[in-house]
Asker: 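Supplied in structure tokens, the structure appears directly below.
Residue numbers begin at 1 in each chain, while the letters A, B, ... track the order of the sequences.
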2 protein chains.
Amino acid sequence: MDQGAVGGAQRGGSGIPGGRRKQRVSMADVAKLAGVSSQTVSRVSNGHASVIGSTREQVLAAMRELGYRPNSAARALRYGQFNTIGVILFSLASTGNSRTVEAIATHAAAEGYAITLIPVDIPTQDNVLGAFTRMGELAVDAVIVIIEIHLLDAGTVTLPPGVHVVVVDSDAGDRYSVVDTDQADGARRAVRHLLDLGHHTVWHVTGPQSSYAGQRRAQAWRAALEDAGRPVPAALHGDWSSESGHAAGLVLAGEPECTAVFAANDQMALGLLRAFHERGRAVPAEVSVVGFDDIPDAGFFIPPLTTVHQDFAEVGRRCVRRVLRQIREGQVAEPGTDLVPVRLVVRESTAPPPTR
Amino acid sequence: MDQGAVGGAQRGGSGIPGGRRKQRVSMADVAKLAGVSSQTVSRVSNGHASVIGSTREQVLAAMRELGYRPNSAARALRYGQFNTIGVILFSLASTGNSRTVEAIATHAAAEGYAITLIPVDIPTQDNVLGAFTRMGELAVDAVIVIIEIHLLDAGTVTLPPGVHVVVVDSDAGDRYSVVDTDQADGARRAVRHLLDLGHHTVWHVTGPQSSYAGQRRAQAWRAALEDAGRPVPAALHGDWSSESGHAAGLVLAGEPECTAVFAANDQMALGLLRAFHERGRAVPAEVSVVGFDDIPDAGFFIPPLTTVHQDFAEVGRRCVRRVLRQIREGQVAEPGTDLVPVRLVVRESTAPPPTR
DNA sequence: CTCTGTCATGTTAACGTAAACTTCTGTGCG
DNA sequence: CGCACAGAAGTTTACGTTAACATGACAGAG
């Protein structure tokens, strides 16, 4: 280094008081104030044992006085790790997503990892790809994808090398590490429950076609009916919203032989209940309704909703566990599907069909 | 573990093909392959103009071949910025929080910022303090706090110096930069609506005491009644959950003179509807109910809920705007409260009181 | 009294990137 | 023909931290 005369932008003059040029306090500053080397500050900062008590106290005092905070960028650079997991998702609006994300965040925090959210407004391929590109530039050790993975597959998306991935809500267990609720089992239980009550068959309001969860619930609904040798009515298509459930309910209310409906989520079930109420079709006396998710409100619908309980917290927990195992063992991929079990919660929206 | 035979973690030999020792590709690697200096790679990476076409192509080809991704830790270290905003929050479970967070994430992404979530399981002081400590160590340029700020004030918490803060749901506008829904106005509108319909007074089911939003809705409810010269019934205390609303509803169903209830959120209103239904009190013929939030499901309750619409997206947008202004202008604090307006959505759960 | 070992602390170097500066090449003009 | 100048690319250095090594002091053993 030549001369400092010019460099106002450089690091700022030394002793000029009040001239707060420097943004952040570094170890060097603490070290100077405490009269030790910056390495000693580092040792104190990281709780190494080999610092004598009096020195430690001095350093801590200096830290406090200057308001020292370690610079995580420098740390990350040094260690090659960020202690952060990225989460790519479409929307937090659905109960399932937000609860899963919350569980992921909680469990990750317990392991010393933070969560970085990358929302994708509209799940087109371009946007998802963009999210991954951004993710690649982001300070992230691994990624959890809560979005339809086929949007990635279809394109020429290559996941950033060296980034570990776990996927939620997907059938891509052959290529990725997938964690998911046991959608098929849930749908099966819902249908069985209704058949066991004596219903001849069960109608279905699906989720959006873009959702694997929705697709699988529909497949399992169909399969359960076929296995029981029952006729399979045409499915009505919803989009998870109570509004779409309501629309479907208005249609179903006009079908006299419809005595049992399985909605692919609780919100659509709410719409169904509303529609049946409007049309004077009593639930459960005339029509039974089963939902999926078991949102906290489901027990307070009119009538309280029989539904399939999903353990979102467990999904989040397993995502974190998988992703951390990948990070720690240094493996890039570890395909396979991890299914989280469900259970049916029977409330008051289901009953035997009306006798005639 | 002092011997290299084991340590694949080190840096790995140079030309050994296939032996992917090195975790990440650096500019130096790209530079070597492209036969240029790493500075040239940097220039290409950042789109500087002063690189001739052929060289640029070579570098890009090398980047592609090696799967180069810039190391954001090094970048952040260099620039002193992370392009990341931290969000401290209690829970994503409530509609309001998750939608606010989503809006924050979306708008931040549009500005090139990512969101890091720091969940606080139980909002004790210690935990919040811990979250802030963690945040201080985190790669974050600013923080948005969606949690009761008094949990911070009461303790000896000093916000990390140099970190910009915006707070949601708080009355701490004198000390912090606060963005919030106009809770008072919303509550006032709800009460006015019911009084205008002819109700003598309005009962209230509150949110949890720890919530400023809840407190302010309750205050404004009381004030609106007093301004109108009406008696103020004792408030019933809820905790945002439909279950607590249900419990309150069972109590209110037993009060014959109760003809109008304002619930501090929609979920508790759902519980109220359920309780009134159980007890055979017709809504709105005998009792009117107003909620707060206007969750998407509210229009499909039985009956569809009259409620105060909150613009969560706008709250998120303003948070991001404020926080970015702070970052860009380099100001640490900028106290003041920014209120987002609300509107009353009248549906079918309100009507004039029964004539007697 | 010297030698060895231990413990507290200091010094050096490296992580990957990019600003600032330096060097090199070729072009146009007097 | 030489010189100034512009443009392209290379070199140096610093960002803040910490592992690895170096230093120095002091204690106990021979």
Asker: Considering only heavy atoms, which members of residues 53-63 of chain A lie under 4.0 Å from some atom of DNA chain D?
Answerer: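 Nothing qualifies; none.
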Asker: Rounded to whole Å, please give me the gap between CG in B:N46 and P in C:dA20.
Answerer: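 The distance from CG of B:N46 to P of C:dA20 comes to 13 Å, rounded to the nearest Å.
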Asker: Distance from A:R318 atom CZ to A:T100 atom OG1, nearest 0.5 Å?
Answerer: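 One gets 13.0 Å once the value is rounded to the nearest 0.5 Å.
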Asker: Between C:dA18 and B:Q39, counting only base atoms on the nucleotide and side-chain atoms on the residue, is there a donor-acceptor pair under 3.5 Å?
Answerer: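 Such a pair exists between side chain and base.
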Asker: Taking all atoms of both residues into account, what is the closest heavy-atom pair of A:V323 and A:A142, and its distance?
Answerer: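 Between these two residues, the closest heavy atoms are CG2-CB, 3.8 Å.
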Asker: When all nucleic acid strands are considered with a 4.0 Å heavy-atom cut-off, which category describes B:I52: base, sugar-phosphate, or nothing?
Answerer: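 B:I52: backbone/sugar contact only, no base atoms under 4.0 Å.
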Asker: Can you figure out which of D:dT18, D:dG10, C:dA18 approaches the side chain of B:S37 most closely?
Answerer: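 Of the options given, the side chain of B:S37 lies nearest D:dG10.
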Asker: Calculate the interatomic distance between B:R78 atom CZ and C:dT17 atom P; express it in whole Å.
Answerer: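 It is 12 Å, rounded to the nearest whole Å.
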Asker: For the residue pair A:D29 / A:S26, report whether a side-chain donor-acceptor contact shorter than 3.5 Å exists.
Answerer: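 Yes - a donor-acceptor pair under 3.5 Å links their side chains.
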Asker: Please give the angle, rounded to 10 degrees, between the axes at the start and the end of the helix from C:dC1-D:dG30 to C:dG30-D:dC1, where five pairs define each axis.
Answerer: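 For the helix from C:dC1-D:dG30 to C:dG30-D:dC1, the axes at opposite ends meet at about 60°.
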Asker: Nucleotides 23-25 of chain D: which of its N/O atoms have a protein N/O under 3.5 Å away?
Answerer:
none

Asker: Nearest 0.5 Å, what's the CD1-OG1 distance between A:I144 and A:T116?
Answerer: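 Answer rounded to 0.5 Å: 11.5 Å.
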Asker: Roughly, in whole Å, what's the span from CZ in B:F82 to P in C:dT17?
Answerer: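 Answer to the nearest Å: 16 Å.
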Asker: Roughly how far, to the nearest 0.5 Å, is CG of B:L324 from SG of B:C319?
Answerer: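 With rounding to 0.5 Å, SG (B:C319) is 10.5 Å from CG (B:L324).
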Asker: Let me know the distance between CE of B:M27 and C1' of C:dA19, rounded to the nearest Å.
Answerer: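 Rounding to the nearest Å, CE of B:M27 and C1' of C:dA19 are 13 Å apart.
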Asker: Between A:Y68 and A:V25, what is the shortest heavy-atom contact and its length?
Answerer: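 The answer is CD1-O, 3.5 Å.
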Asker: Roughly how far, to the nearest 0.5 Å, is the CD atom of A:E102 from the NE2 atom of A:H107?
Answerer: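 Here the interatomic distance stands at 10.5 Å.
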Asker: Rounded to the nearest angstrom, tell me the gap between atom CZ in A:R75 and atom C1' in C:dG16.
Answerer: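 Computing the A:R75:CZ to C:dG16:C1' distance gives 18 Å.
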Asker: List the atom of B:R75, the atom of B:N46, and the distance in Å for their closest heavy-atom pair.
Answerer: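 The pair with the smallest heavy-atom distance is NH2-OD1, 2.9 Å.
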Asker: Determine which pairs satisfy side chain to side chain donor-acceptor pair (under 3.5 Å) with at least one residue from residues 35-45 of chain B, sequence neighbours left out, and list them in order.
Answerer: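 Passing the test, one end in residues 35-45 of chain B: B:S37-B:T40.
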Asker: How long is the span from the CD1 atom in A:I146 to the CG atom in A:D180, to the nearest 0.5 Å?
Answerer: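 Nearest 0.5 Å value for the CD1-CG distance: 10.5 Å.
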Asker: Roughly how far, to the nearest 0.5 Å, is NE2 of B:H164 from OG of B:S177?
Answerer: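 Going from the OG atom of B:S177 to the NE2 atom of B:H164 covers 11.5 Å.
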Asker: Could you state the atom-to-atom distance from NE2 of B:H48 to P of D:dG10 in whole Å?
Answerer: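 Nearest whole value for this atom pair: 15 Å.
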Asker: From the list C:dT17, D:dT11, D:dG16, which nucleotide is the closest neighbour of the side chain of B:P70?
Answerer: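 Closest nucleotide to the B:P70 side chain: C:dT17.
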Asker: In whole angstrom, what separates B:Q81's CD from D:dG16's C1'?
Answerer: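 Checked: the CD to C1' distance equals 16 Å.
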Asker: Need one value for A:T40: base, sugar-phosphate or nothing, where a base atom within 4.0 Å counts as base even if backbone is also close, heavy atoms only.
Answerer: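 If one applies the 4.0 Å heavy-atom cut-off, A:T40 turns out to touch the sugar-phosphate alone, with no base involved.
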Asker: Show which side-chain atoms of residues 56-67 of chain B pair as donor or acceptor with protein atoms under 3.5 Å away, not counting sequence neighbours.
Answerer:
| unit_1 | atom_1 | unit_2 | atom_2 | d |
| --- | --- | --- | --- | --- |
| B:R56 | NH2 | B:H48 | O | 3.1 |

Asker: Using every non-hydrogen atom in the two residues, find where B:Y113 and B:T84 come nearest and quote the distance to one decimal.
Answerer: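 That closest heavy-atom pairing would be CD2-N, 3.4 Å.
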Asker: When the distance from CG of B:L77 to P of C:dC15 is rounded to whole Å, what number comes out?
Answerer: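 One finds 14 Å between P of C:dC15 and CG of B:L77, rounded.
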Asker: Between A:Y68 and D:dT17, is there a contact of a side-chain N or O with OP1 or OP2 at under 4.0 Å?
Answerer: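 Yes, because at least one side-chain N or O of A:Y68 sits under 4.0 Å from OP1 or OP2 of D:dT17.
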Asker: Using a heavy-atom cut-off of 4.0 Å across all strands, would you classify A:V36 as base, sugar-phosphate, or nothing?
Answerer: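 Here A:V36 touches the backbone only, sparing every base.
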Asker: Identify the two heavy atoms, one from A:T337 and one from A:R322, that lie closest to each other, and give their separation to 0.1 Å.
Answerer: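 Reported closest heavy-atom pair: C-NH2, 4.2 Å.
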Asker: Choose from C:dA14, C:dA20, C:dT17 the nucleotide whose nearest atom is closest to any side-chain atom of B:R43.
Answerer: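 My answer, after comparing the listed nucleotides, is C:dA20.
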Asker: Counting side-chain heavy atoms from C-beta on, which of C:dA19, D:dA8, C:dC15 comes nearest to B:Y79?
Answerer: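 Given the options C:dA19, D:dA8, C:dC15, the side chain of B:Y79 is closest to C:dA19.
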Asker: Kindly give the heavy-atom pair with the smallest separation between A:I85 and A:A108, and that separation in Å.
Answerer: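 Closest heavy-atom pair between A:I85 and A:A108: CD1-CB, 4.2 Å.
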Asker: Which part of the nucleic acid, if any, lies within reach of A:V51 when heavy atoms closer than 4.0 Å are counted: base, sugar-phosphate only, or nothing?
Answerer: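 The answer is sugar-phosphate, as A:V51 gets under 4.0 Å only of primed atoms, P, OP1 or OP2.
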Asker: Check nucleotides 23-27 of chain C against the protein and report each pair of N or O atoms closer than 3.5 Å, with its distance, or say if there are none.
Answerer:
none

